[in-house]
A.B. asks: 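Once you've had a glance at the structure underneath, I'll fire off some questions.
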Number of protein chains: 2
Amino acid sequence: MNKKSATIYDISKKLNVSVATVSRALNNHPRISQATKDLVVKTAKEMNYKQNNLAKALKSGETKNVGIIVPYINTNFFSSVIRGIEEELSPHGYHVIICQSHEDINIEKRHLNTLLNAQVDGIFMSVSKTTIDTEHIRNILDTSNTPIIFFDRKKDISGISTVTIDDYRGGYMATEHLIKEGYKNICHFAGDLNLEIYQNRLNGYKQALIDNDLTVKSDNIISTGSSIDAGIEAIKKLWEKKSVPDAIFSSSDFAALGACQELKKRKIKIPQEVAVIGFSNEPFTQFMELPMSSVDQTPVTMGKIAGQVFLESVKENGAGVSIEKKVVLAPQIYIRKSSKRK
Amino acid sequence: MNKKSATIYDISKKLNVSVATVSRALNNHPRISQATKDLVVKTAKEMNYKQNNLAKALKSGETKNVGIIVPYINTNFFSSVIRGIEEELSPHGYHVIICQSHEDINIEKRHLNTLLNAQVDGIFMSVSKTTIDTEHIRNILDTSNTPIIFFDRKKDISGISTVTIDDYRGGYMATEHLIKEGYKNICHFAGDLNLEIYQNRLNGYKQALIDNDLTVKSDNIISTGSSIDAGIEAIKKLWEKKSVPDAIFSSSDFAALGACQELKKRKIKIPQEVAVIGFSNEPFTQFMELPMSSVDQTPVTMGKIAGQVFLESVKENGAGVSIEKKVVLAPQIYIRKSSKRK
DNA sequence: TTGTAGGCGTTATCAA
DNA sequence: TTGATAACGCCTACAA
């Protein structure tokens, strides 16, 4: 009892018309009589006909599928970007395929290949932390027409559109805010500097200090990971070194959270003695014992814009041109108790 | 300058062999000379040949794609389940397509149809809150062989495998824990009772009361939504009615969070005066001012098991049989400060 | 070991 | 307005 779904052949046989007629009727072709159109549509419904998009895709070269590669899907940031992409593209008939790179360049390469084999119409990606060499990506540009769009974690490759937030500005804003609150010895928890986003946040931090006549001390720039533990460790080290800051701008909410936990343990008052501001505006920041300031990356918007950039590039590609877009979104700072001294 | 990728025809022409030979060489067919195999593989690489899975799928009837329909992707629970499914299926060559129903049965129906049109090999879904009638789903079982697997939010439909947690037990455990801590007037924030999961949590709550000789009062069962505001409203109403409980078991972490916020505002001490325990073990629960107890649904595991159930059902389907599996996972209770009085 | 040819389900071109 | 047929790229009997 195999339920094979009906094809246009089955319909054509049943109605004694050609498959071409059936196809045209189903696709609302203009030059076809209303009578046959109605008849075909009606019997198609009766026979529970379902169009086979595979065959259509093989013919047209368009699968109406796009791929997304992210390190992990179950983080607030990435799942929100994916939500934005899905919501932008779904009304246009696209399906969204997701892949996780687990921060591993080799897995990333593999996914890139299988997505290409699957004939996706476009690929959205945020590169992994271990993606230093980008030859595999540039190679795709040379050998296929599949548009690639970077979001958030981009690499500078000509021919690839990007959608990011202005991380430099985010770092600058956060730091400037701390300065305006009267903090003078501001420490930065830097993320993985292999990624541009963290590099930019650091640069924004530095420039804000300089613009406000504060010195940039290398002792105040600590390379941490993006985990709670990393934040805890960083605080431990700072206090051991007696190199105590009066404020912390962390490039990661999780590291900032770890810092808060460790500071509390040491009975150091936030924000009176030490201010803390994070980055990403993770949901938990507003529910913390002491609501934590953070910089929002507007992930859903980022996803929607990335979707729009893709749709435009598909249109342009049809017209034979391919344009490289660089969209930079404005970060939004959320000031909460953890950094308000005044 | 259109970069069309090479096909096996291009390779066959270049090497003056038939496409069949090329196909066989590429697929490591046993009856083919090592020499030609090497040659074909080598030139395929040179020509940057990429297998077109579309054509393969059209022929084989297997797309190696599965669809997932969830209300929203950017929640900790659903994105974690998706992570589990992706990690289980990716090594088997499957890609995962995600769709959001936005809690709307009509969108859900549409996605179900487009996924079927896309010839996915299976569909995972958590039904929307508005999915009361299930004819559209049962209809699929009658007209196609595509296996459907419900996770978490299931409906009772024969022929469909399900992976859920034992919500009844979760509700029972949470309530029993409160009782053991000495709370006697326990209130339940019930979720949307159209969904089995919330029904089950409620039933577990009731039975735990009964088993411990406490009376089930209808005044203590409050139908709330799953939002922070819903929790705030619920507390307001309870205190207005002077029907004050000494503990709250909420079917939602967010409603529980709202309750905590409103209780704090009213200077009611947690857990001394009122205990609170939620459901889902959202990440924020452990970072709250007062870490909140909650029942964990082990979402990543749920996704992995769902993936396994799918893989088995594909194997069985090949053998001509189709078995209906009902996997029930054990919930895990996390007891934190919000419910520990002793 | 290799080649020929048909078919998967559609759409589109050319004729009628 | 409709029909016949080729083509999309691949796999696989069946033949050689």
Side-chain angles (χ1 to χ4, degrees), chain A residues 2-41 44 47-65 93 114 116-121 144-145, chain B residues 2-41 44 47-65 93 114 116-121 144-145:
Chain A
N2 222 15
K3 303 154 202 159
K4 287 208 55 178
S5 58
T7 71
I8 50 174
Y9 275 87
D10 300 324
I11 300 176
S12 89
K13 240 179 270 171
K14 184 156 195 172
L15 296 181
N16 265 319
V17 293
S18 74
V19 280
T21 305
V22 176
S23 173
R24 283 191 274 249
L26 257 18
N27 287 301
N28 231 319
H29 189 92
R31 282 204 293 270
I32 193 138
S33 78
Q34 192 61 41
T36 42
K37 196 182 291 184
D38 291 345
L39 184 63
V40 167
V41 170
M47 299 178 71
N48 212 290
Y49 168 77
K50 294 227 182 307
Q51 184 184 52
N52 186 329
N53 281 334
L54 232 52
K56 189 177 176 179
L58 180 59
K59 187 104 228 298
S60 69
E62 271 196 324
T63 54
K64 288 287 190 172
N65 283 158
T114 60
L116 252 20
N117 289 166
Q119 310 293 120
V120 292
D121 296 344
S144 95
N145 286 315
Chain B
N2 222 13
K3 303 155 203 158
K4 286 210 55 181
S5 58
T7 71
I8 51 173
Y9 278 86
D10 300 324
I11 300 177
S12 88
K13 240 179 268 170
K14 185 156 196 173
L15 297 180
N16 265 320
V17 292
S18 74
V19 280
T21 304
V22 176
S23 173
R24 283 192 271 252
L26 257 18
N27 287 300
N28 231 319
H29 190 92
R31 280 204 294 270
I32 193 135
S33 77
Q34 192 61 42
T36 43
K37 196 182 289 183
D38 291 345
L39 184 64
V40 168
V41 170
M47 298 177 73
N48 213 288
Y49 167 78
K50 293 229 183 305
Q51 184 184 53
N52 185 329
N53 281 335
L54 233 51
K56 189 178 175 179
L58 182 58
K59 184 106 234 294
S60 69
E62 272 197 324
T63 54
K64 289 285 188 173
N65 283 159
T114 59
L116 251 20
N117 288 167
Q119 311 292 119
V120 292
D121 296 343
S144 95
N145 286 315

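The shown structure was predicted, so the numbers you read here are calculated from the model rather than taken from an experiment. Below, chains carry the letters A, B, ... as their sequence lines are ordered, and counting in each starts from 1.
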A.B. asks: Give a yes or no on this: more than 12 heavy atoms of other residues, nucleotides or ligands lie within 6.0 Å of atom NZ of A:K14.
C.D. replies: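 No, NZ of A:K14 has 12 or fewer neighbouring heavy atoms, counting only those of other groups under 6.0 Å.
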
A.B. asks: Take atom CZ of A:R24 and atom P of C:dA16, then tell me their distance rounded to the nearest Å.
C.D. replies: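 Distance, rounded to whole Å: 15 Å.
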
A.B. asks: Quick check: closest heavy atoms across B:I11 and B:V40, and the distance to 0.1 Å?
C.D. replies: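 Closest approach of B:I11 to B:V40, heavy atoms only: CG2-CG1, 4.4 Å.
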
A.B. asks: The side chain of B:A20 is closest to which nucleotide in this list: D:dC10, D:dT12, D:dG9?
C.D. replies: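 Nearest to the side chain of B:A20 among the choices is D:dT12.
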
A.B. asks: What contact category does B:T21 fall into here, base, sugar-phosphate, or nothing, at under 4.0 angstrom with non-hydrogen atoms?
C.D. replies: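 Since only primed, P, OP1 and OP2 atoms lie under 4.0 Å of B:T21, the category is sugar-phosphate.
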
A.B. asks: Taking the side chain of B:T36 as heavy atoms from C-beta outward, which of C:dT2, D:dC10, D:dT2 is closest to it?
C.D. replies: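 The answer is C:dT2.
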
A.B. asks: Is the distance from OP1 or OP2 of D:dC11 to the nearest side-chain N or O of B:N27 less than 4.0 Å?
C.D. replies: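 Indeed, a polar side-chain atom of B:N27 lies that close.
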
A.B. asks: For A:K50, which contact category applies under a 4.0 Å heavy-atom criterion: base, sugar-phosphate, or nothing?
C.D. replies: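 Sugar-phosphate contact only - A:K50 comes under 4.0 Å of backbone atoms but never of a base.
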
A.B. asks: What nucleic acid atoms does A:N53 come within less than 4.0 Å of, heavy atoms only: base, sugar-phosphate, or nothing?
C.D. replies: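 Since no nucleic acid heavy atom lies under 4.0 Å of A:N53, the category is nothing.
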
A.B. asks: After noting the C-alpha distance and the side-chain angles of A:V22 and A:Y9, does the key distance pass the side chain to side chain contact (heavy atoms under 4.5 Å, CB included) rule?
C.D. replies: CA-CA 8 Å; A:V22 176; A:Y9 275 87; over 6 Å; no

A.B. asks: Could you state the atom-to-atom distance from CG of B:N28 to P of D:dT12 in whole Å?
C.D. replies: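 B:N28 atom CG is separated from D:dT12 atom P by 14 Å.
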
A.B. asks: Output the rounded distance in Å from CG (A:L26) to P (C:dG9).
C.D. replies: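 Checked: the CG to P distance equals 15 Å.
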
A.B. asks: Answer with base, sugar-phosphate or nothing: what part of the nucleic acid does A:I8 contact at a heavy-atom distance below 4.0 Å?
C.D. replies: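 Contact class for A:I8: base.
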
A.B. asks: Just compare D:dG9, C:dG3, D:dA4 and give me whichever is closest to any side-chain atom of B:T7.
C.D. replies: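 Shortest atom-to-atom distance from the side chain points to D:dG9.
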
A.B. asks: Please tell me if A:S23 has a side-chain N or O lying less than 4.0 Å from either OP1 or OP2 of C:dT11.
C.D. replies: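 Looking at the OP1 and OP2 atoms of C:dT11, one of them is under 4.0 Å from a side-chain N or O of A:S23.
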
A.B. asks: Provide the closest heavy-atom pair for B:D121 versus B:E62 in the form atom of the first, atom of the second, distance.
C.D. replies: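 Scanning both residues, the minimum pair turns out to be OD1-CA, 3.7 Å.
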
A.B. asks: Considering only C:dT10, C:dG3, D:dG3, which nucleotide approaches the side chain of A:Q51 most closely?
C.D. replies: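 Ranking C:dT10, C:dG3, D:dG3 by closest atom to the A:Q51 side chain puts C:dT10 first.
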
A.B. asks: Round to a whole Å and report the spacing from CG of B:D10 to P of D:dA7.
C.D. replies: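 Distance check: B:D10 CG to D:dA7 P gives 15 Å.
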
A.B. asks: Calculate the interatomic distance between A:K56 atom NZ and D:dG9 atom C1'; express it in whole Å.
C.D. replies: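 Atom NZ in A:K56 sits about 19 Å away from atom C1' in D:dG9.
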
A.B. asks: With a 3.5 Å cut-off and heavy atoms only, can you find an N or O donor on one side and an acceptor on the other between the side chain of A:K59 and the base of C:dT11?
C.D. replies: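 Such a pair is found, so the answer is yes.
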
A.B. asks: Judged by each residue's nearest nucleotide on DNA chain C, which is more toward the 5′ side, A:H29 or A:A6?
C.D. replies: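 Nearer the 5' end of the strand: A:A6.
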
A.B. asks: Just the rounded figure in Å: distance from P of C:dT10 to CG of B:L58.
C.D. replies: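 Nearest whole value for this atom pair: 9 Å.
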
A.B. asks: Scan B:S33 against the nucleic acid and name what it touches under 4.0 Å (heavy atoms): base, sugar-phosphate only, or nothing.
C.D. replies: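 Sugar-phosphate contact only.
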
A.B. asks: Please report, rounded to the nearest Å, how far the C1' atom of C:dA16 is from the CZ atom of A:R31.
C.D. replies: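 Distance check: A:R31 CZ to C:dA16 C1' gives 13 Å.
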
A.B. asks: Which atoms form the tightest heavy-atom contact between B:L54 and A:A118, and what is the distance?
C.D. replies: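 B:L54 and A:A118 have their closest heavy atoms at CD1-O, 4.2 Å.
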
A.B. asks: Would you mind reading off the distance between B:Y9 atom OH and D:dC10 atom C1', rounded to a whole angstrom?
C.D. replies: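 Spelled out: OH on B:Y9 to C1' on D:dC10 is 8 Å.
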
A.B. asks: For the NZ atom on A:K37, are there more than 12 heavy atoms of other groups (residues, nucleotides or ligands in this structure) within a distance under 6.0 Å?
C.D. replies: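 Yes, enclosed.
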
